[in-house]
Amino acid sequence: MWGSMKMEKEPMKVLVTGVAGMLAQPDSLFGQIGYAIAPMIARGIMLGPNQPMILHLLDIAPATEALNGVKMELPDAAFPLLKEVHATTDITETCKDVNIAIMLGGFPRKEGMERKDMMSKNVPIYKEQASALEEHAASDCKVLVVANPANTNALILKEFAPSIPEKNITCLTRLDHNRALSQIAERIKVYVTDVKNVIIWGNHSSTQYPEANHATVTSINGERPVKELDTDDLWLKNEFINTVQQRGTAIIKARKASSVLSAASAPCDHMLDWVLGTPKGIWLSMGAYFDGSYGIPKDIIYSFPVKCEKGKWSIVKGLKIDEFSRAKMDAIAKDLIDEKEVAHSCLN
Amino acid sequence: MEYLELLLKGLVVLFPIAFCCMLITYKWSFRKIEKEPTKVLVTGAAGMLAQYDILLAFPGQIGYAILPMIARGVMLGPDQPVTLHLFDNIKQADEALNGIKMELIDAAFPLLKGVIATTDIVEACKDVNIAVMLGGFPRKEGMERTDMMSKNVSMYMAQALALGKHAAADCKVLVFAKPSNTNALILKEFAPSISEKNITCLTRLDHNRALSQIAKRLKVHASDVKNIIIWGNHSSTHYPDVNHATFTTKDGERLVREHVADDHWLKTEFIKTVQHRGLAIIKARKASSALSAASAACDHIRDWVFGTPKGTWVSMGVCSDGSYGIEPGLIYSFPVRCENGKWSIVQGLKIDEFSRAKMDATAKELIEEASFAKSCLNEQ
């Protein structure tokens with residue numbers, strides 16, 4: 001009862017990069033995610049309903065007007081938890097003392113673009129932002145990279161911000177995780193809250209491996225493995241994987257625009273669970289720097305199943321990996337190592 | 001002596017039992033019982049997201065911003081499951097609505113129990129408990145006022161008939177599409193089975209904007225300012241009034257007017273800034289205020305359903321009962337308190353000459369709009 005006494009907490013400083021984008025441009029995906037995520041953060045969806053925050057919004061110079069527009073609009077909503085908004089194109093100023101950093105800014109791969117070209121645009125951005133975070137962010141800053149190529153952008157960040165604990169640099173695969181949960185829920189005709197423990201292994205790209213071997217469903221007879229309730233192995237190994245991998249494209253086809261709403265919601269889920277902890281028996285997918293578990297090489301950012309407690313994540317160990325999964329997981333690891341090499345060659 | 005001993009022994013035994021009972025009751029109150037999902041209709045949900053005409057894209061943009069807010073419990077509380085009914089009837093609405101439905105499912109919102117996405121107004125309205133009407137026809141450049149009004153009048157007439165027939169009996173309605181007061185009036189006239197007290201229009205956005213302008217001026221946080229009033233029409237004639245507004249200091253509540261100490265600013269620049277804030281945002285963002293508009297709609301419904309905090313009122317466009325000399329039957333924005341799912345106009349506030357003139361001017365505009373809408377109806 002003493003705990004429910006209202007005591008105003010110190011505001012947490014939350015950085016969001018690439019928040020404004022170029023809203024009038026058709027391919028301004030990250031500006032749109034920024035616009036969608038800002039009110040979600042301000043409403044306590046990312047940090048909990050009792051945690052005040054100060055938003056630090058960053059974007060590049062050509063987006064200054066749009067950035068100012070977001071800065072004007074946020075106070076108009078009179079959010080009780082939002083204590084201040086700082087909007088700037090100055091990376092040093094914006095990284096000052098931040099506790100959370102959501103990196104939306106980057107260059108996604110466009111049609112016809114070579115991987116090396118995409119990498120050469122993103123590597124300098126993440127190197128610069130890494131240096132700024134290294135020097136100015138709070139020592140225990142939690143970082144979430146969303147901009148593609150998310151895993152490799154996060155790796156560059158880790159390499160150039162060595163004073164940020166390596167466990168604090170993560171990339172987003174929660175969107176794919178949520179999509180996988182909802183595909184299973186639709187298939188078995190249950191609520192998505194009754195499905196848990198799918199895993200997204202690997203890269204946040206179309207090569208990710210959504211796996212339901214350890215997933216369970218809550219039924220009137222208790223927790224049952226998904227594989228028992230849906231005995232169609234073929235669906236789980238083909239259509240389910242393809243659907244989750246290609247969901248982004250399917251959304252573009254239906255909406256004539258990318259997934260903004262769900263892409264903004266997933267980082268909130270990722271951060272909330274990281275900060276406040278996962279419920280007992282539930283794990284989630286996060287791209288992070290691991291310790292060689294499951295035979296995955298160290299030195300890459302790879303998505304694994306994790307539990308979270310007291311502001312720290314830990315990998316779920318001891319899960320049985322069958323042959324099919326092994327092949328998929330190794331293929332993605334190889335792809336990520338290739339990406340890493342391309343990124344390093346851009347640095348040189 | 002014996003009796004005293006007995007009494008003492010009794011107390012020693014009873015006290016812990018009573019304490020345990022209290023603790024059990026307290027913990028029991030936290031047990032999670034899944035509530036029935038509330039059905040929430042959002043019209044104009046698809047909009048024309050791919051349109052670069054700012055005005056045309058606006059309803060769709062607010063829809064896209066408000067849907068995750070509703071699904072996260074911002075509108076109805078963190079324990080209230082919801083079913084979303086998405087409706088639109090513009091060209092290619094089917095595909096756009098389906099895309100939004102797919103995304104809502106992808107977000108795996110724990111409170112979202114179902115999504116119905118449809119271009120059929122009857123299906124959309126079935127048993128809905130809350131209706132947020134974003135769909136409408138804003139006035140485009142070159143459009144005659146008559147065209148805009150007749151399009152809106154026929155749309156709201158059709159939706160009123162469907163809501164009246166198919167929505168839940170106590171459905172709460174919030175109209176946001178401009179001209180929102182008059183669209184709400186049409187809805188009220190053609191859905192007589194919905195209580196007129198359940199038909200409202202949004203002025204909470206203007207109210208929140210006014211709070212934040214005062215907060216900025218006083219260098220405090222917006223949540224420390226309260227009891228501003230937005231009187232009248234949700235148009236550029238609305239009157240933001242701070243005569244009764246207060247703000248929290250460490251020495252208690254203080255009157256805003258006294259501390260701003262600049263009546264001229266309060267009567268000119270402050271009013272203009274709030275009235276034209278929408279345009280200022282469009283100029284800065286090259287797009288309308290979707291985020292703050294969606295948030296305001298959530299605030300409006302949430303306070304209506306859960307009640308306003310003690311001593312605090314909010315602004316809502318509601319059916320006038322003649323209070324403050326405003327013609328009964330008009331949908332006019334008043335200061336209201338909310339309790340037990342009902343609003344009531346705050347009575348007895350002193351109205352000075354300046355305010356009187358402003359309140360009457362915006363009422364006059366609404367009366368003209370209503371009569372203009374009626375003439376469009378007669379031509380249909």
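Proteins get letters first, then strands, A, B, ... in listed order; numbering begins at 1 in each.
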Name the region of [X], side chain, backbone, both or neither, that has any atom closer than 4.5 Å to a heavy atom of chain B.
| X | result |
| --- | --- |
| A:Lys71 | neither |
| A:Leu261 | both |
| A:Arg247 | side chain |
| A:Thr193 | side chain |
| A:Glu84 | neither |

Determine the option with the most heavy-atom pairs under 4.5 angstrom with chain B, choosing from A:Ala266, A:Ala250, A:Gly69. A:Gly69

Top contributor to chain B interface from A:Leu82, A:Ile252, A:Asn68 [non-hydrogen pairs under 4.5 Å]: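 Option with the greatest count: A:Leu82.
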
Considering only heavy atoms, which portion of [X] lies under 4.5 Å from any heavy atom of chain A: side chain, backbone, both, or neither?
| X | value |
| --- | --- |
| B:Arg72 | side chain |
| B:Arg277 | side chain |
| B:Ala210 | neither |
| B:Lys283 | backbone |

Looking at B:Glu269, I'd like to know if its CD atom is crowded, meaning that more than 12 non-hydrogen atoms belonging to other residues, nucleotides or ligands lie closer than 6.0 Å.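 Check fails, neighbour count at 12 or below.
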
If you count heavy atoms of other groups shown closer than 6.0 angstrom to NZ of A:Lys83, is the number above 12?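 Check passes, neighbour count above 12.
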
Quick one: do A:Glu73 and B:Ser289 satisfy side-chain hydrogen bond (donor to acceptor under 3.5 Å, both in side chains)? Show the steps, please. CA-CA 7 Å; A:Glu73 222 196 316; B:Ser289 351; 4.5 Å; no

Minimum heavy-atom separation for [X] and [Y], please, with both atom names.
| X | Y | answer |
| --- | --- | --- |
| A:Pro75 | B:Ser212 | O-CB, 3.1 Å |
| B:Met102 | A:Ile251 | CB-CD1, 3.6 Å |
| B:Asp299 | A:Arg43 | OD1-NH2, 2.8 Å |
| A:Asn178 | B:Ala107 | ND2-O, 3.6 Å |
| B:Ser295 | A:Phe79 | OG-CE2, 3.2 Å |

Which members of residues 215-227 of chain B, sorted by number, sit under 4.5 angstrom from chain A on a heavy-atom basis? B:His221, B:Ala222, B:Ser223

dist B:Ile105:CD1 -> A:Gln183:CD (nearest 0.5 Å) comes out at 8.5 Å

Max heavy-atom pairs within cutoff under 4.5 Å with chain A, candidates B:Val74, B:Leu111, B:Leu291, goes to B:Leu291

Is there a side-chain contact between B:Arg285 and A:Met72, using heavy atoms and a 4.5 Å cut-off? no

